[in-house]
2 protein chains.
Amino acid sequence: MATIRDVARLAEVSVSTVSLALSNPGRVSQKTLERIRSAVAAVGYVADPLAQSLARGRSKMIGLVVGNVGNPFFGDIRRELENYALEHEHFVLITDSSGKREREQALVEHLIGLKIAGLALAPSSFGPDYVRFVESIKVPMVCFDQKVKGIERDFVGSDNYLAGAMLTEHLLQLGHRRIAFIAGPQHMHTASERYRGFVETMASAGVEVNPNYVVDGQFTRSAGYEAAMRLLIQPERPTAILGANNAVALAALQAMQELGFNCPGDISLCMIDDVQWSNVITPRITMVVQDTLKLGGIIARRLLQRITTPGAAAEPPQDFVLSPKFVPGNSCRRV
Amino acid sequence: MATIRDVARLAEVSVSTVSLALSNPGRVSQKTLERIRSAVAAVGYVADPLAQSLARGRSKMIGLVVGNVGNPFFGDIRRELENYALEHEHFVLITDSSGKREREQALVEHLIGLKIAGLALAPSSFGPDYVRFVESIKVPMVCFDQKVKGIERDFVGSDNYLAGAMLTEHLLQLGHRRIAFIAGPQHMHTASERYRGFVETMASAGVEVNPNYVVDGQFTRSAGYEAAMRLLIQPERPTAILGANNAVALAALQAMQELGFNCPGDISLCMIDDVQWSNVITPRITMVVQDTLKLGGIIARRLLQRITTPGAAAEPPQDFVLSPKFVPGNSCRRV
DNA sequence: TCCGGTTATCGAACCGGTTCGATTTTTATC
DNA sequence: GATAAAAATCGAACCGGTTCGATAACCGGA
């Protein structure tokens, strides 16, 4: 592999001139620039990114830390970020924390050791320790999905209150009163906001929430399954179930199928967030989805702005909150 | 951030001794080792991975290049590789080529520039140029999923012939004769092997394959949808459809639903490879699945072996082929 | 006590770039 | 043609480690 010294030797200039010419042509005379350029071509020189990062103290890489790369929600965001970064000569390193705080922190520290230019983080935890950790990150960064109280950073996400409220309103409009809610972990902002959307919409419609109809599904498939079962074995069953995310809602569908309930005949179901292949799932689930492409675009643009625009790094953090979209299915019937 | 010189100063030894002590304790006397260790702790020294990689000419990172990180098939492999790598103090960088050859090559070259210790690659292409490219990679590597003719590297994958044959045999046993096959791109080894499994099993059962029943679904959802439609509008419809992968099969299910066909009442359906949430899809699709966890484990072990065991890098390439597993559903009926 | 052979430590060169102050060359002005 | 200012180029130090040949300290045996 050719080094910058090979280029310098061939072009008969000093190493520093080559470096200057490559990073800042225009500060070099026309003819030396040409000599250097042809020398670069002749030896097939490509700068070593490692050496560059070491010397500059920062690389051209962007870290993306998510809880589950398999989640299509993150997939769209990844794609947008990658494409946008590539246009700006940056390279995205994807890492997966599996939703574990320890792993996440290790990954972030590793990425910082790699002197990444920026970080897109989907927070996986909360609390003072966690906030302290995130606040200690000095690299340009954008948080997304999960808004964490106390973290003063750019945030990009959806209006989760609205998401919960929209589906609740939809069910109320269809005449449902016995509406159950499979909640997520309440310490998570997305979960508590969705729940708040449910509760407040019920309240303003003057419908009481039966405490037995609110169960904790932890946003996971297994907990959601158990929670759904608890709902389905009650003597006075709900007429509709609102899943706070895709995993708990589909787990509820599974539970319903296994117990022989018909959806929407016996029980209506709706959920927040899409899944792949939702259009071949019977019934088509009524849902509220996030505009992941747009979210990804905002994350990408904001992060690159902080990285590349001088002075932008000092700008105060900003929240970008998008409205989710209602996608009707045929899993909710009028009662 | 503390550097190795800070440690050396505090421990009153030379920089080289510190480096030696850290990478090879045992070659350093007990008392200096202790002095160095406490100095490390005192200043909170952590070696800069970038500088280390530059000096050593190789890093502790492993590159994983796949066509679609959202595919659960890759998800399991990623997880296994990550866990295993972590145990061996390596760090996995995930990248997504979106199945594009150009992108894949750029990613690989970038990773090599980062001086990765090893590479796990799911090839996205084929042909002489591509083989030349892959063969030019000098980093320890393991290919998986797609076996490419001409590439002399370790390969880990499933017996795709068997996968196709198993499902074909299943349909034959149920009495089907008019069996349709939605194929993948025939230049891909997985696709052609699955097809071969279908054709040869049909032949040895003495059942003729109707050419109109073999359509090209490109392994994609959109092409699979079109292909399925072509099957469904024929006057003499097949009684069963075998999808060469999950995308084309589910696209076929969608097409059937949209045209009002009942599965398995009107047409039976089965597929190769699972998807997330397949258990809430009605009907439960009969399928043959790969043991992704095991595949991931083999990939991880083999790659780490080549990386860490001296001499292992020179071992001749080896193929690891696992048998897929039959998972019965209720999407195939007896005729 | 002297010698040969280990074992421990050190210094210097190196990995491949960047950066900045100093020096040289060019250009403009008088 | 001399001179100041501007532009181009260079040299050396640096980023933070590793590596290897050389030197120094230590050991047991003659």
Self-check item: Gap between atoms CZ and P, on R58(B) and dC15(C) respectively (whole Å)
Solution: 18 Å

Practice problem: Mark yes or no for a side-chain to base donor-acceptor pair under 3.5 Å between S14(A) and dG11(D), with no hydrogen or angle criteria applied. | Solution: no

Quiz item: Rounded to the nearest Å, what distance is computed from the NZ atom of residue K31(A) to the P atom of nucleotide dT9(D)?
Solution: 7 Å

Quiz item: For the side chain of R5(A) and the base of dG17(C), is some donor closer than 3.5 Å to an acceptor across the two?
Solution: yes

Quiz prompt | For atom CZ of R35(B) and atom C1' of dC10(C), their distance in whole Å | solution = 14 Å

Self-check item: T3(A), nearest nucleotide to its side chain (from dT18(D), dA12(C), dG16(C))
Solution: dG16(C)

Quiz item: Among dG17(D), dC15(D), dT9(C), which is the nearest nucleotide to the side chain of A47(B)?
Solution: dG17(D)

Quiz item: Contact class for V13(A) (heavy atom, under 4.0 Å): base, sugar-phosphate, or nothing?
Solution: sugar-phosphate

Quiz item: Phosphate oxygens OP1/OP2 of dT9(D): is one of them under 4.0 Å from a side-chain N or O of T32(A)?
Solution: yes

Quiz item: Expressed in angstrom and rounded to an integer, what is the separation of N24(A) atom CG from dT18(C) atom P?
Solution: 12 Å

Exercise. Could you tell me the separation between the CZ atom of R9(A) and the P atom of dC10(D), rounded to a whole number of Å?
Key: 14 Å

Self-check item: Under 3.5 Å donor-acceptor, T190(A) side chain and Q146(A) backbone
Solution: no

Quiz item: Below 4.0 angstrom from OP1 or OP2 of dC10(D), is there any side-chain N or O of T17(A)?
Solution: yes

Quiz item: How many Å lie between CG on L22(A) and P on dG17(C), as a whole number?
Solution: 10 Å

Self-check item: side-chain N/O Y45(B) vs dG17(D) OP1/OP2, d < 4.0 Å
Solution: yes

Exercise. Among dG17(D), dT9(C), dT9(D), find the nucleotide with the atom closest to the side chain of V28(B).
Key: dT9(C)

Quiz prompt | Residue whose closest nucleotide on DNA chain C lies nearer the 5' end, A51(B) versus R56(A) | solution = A51(B)

Exercise. Among dG17(D), dT9(C), dC10(D), find the nucleotide with the atom closest to the side chain of Q52(B).
Key: dG17(D)

Practice problem: Examine the side chains of E135(A) and Y130(A) and answer whether a donor and an acceptor come within less than 3.5 Å of each other. | Solution: no

Practice problem: Could you check which of dT18(D), dC10(D), dG16(C) has an atom nearest any side-chain atom of I4(B)? | Solution: dT18(D)

Quiz item: To the nearest angstrom, how far is K60(A) atom NZ from dT18(C) atom P?
Solution: 11 Å

Self-check item: Any S19(A) side-chain N or O less than 4.0 Å from OP1/OP2 of dT18(C)
Solution: yes

Self-check item: S29(B) side-chain N/O to dT7(C) phosphate OP1/OP2 under 4.0 Å
Solution: no

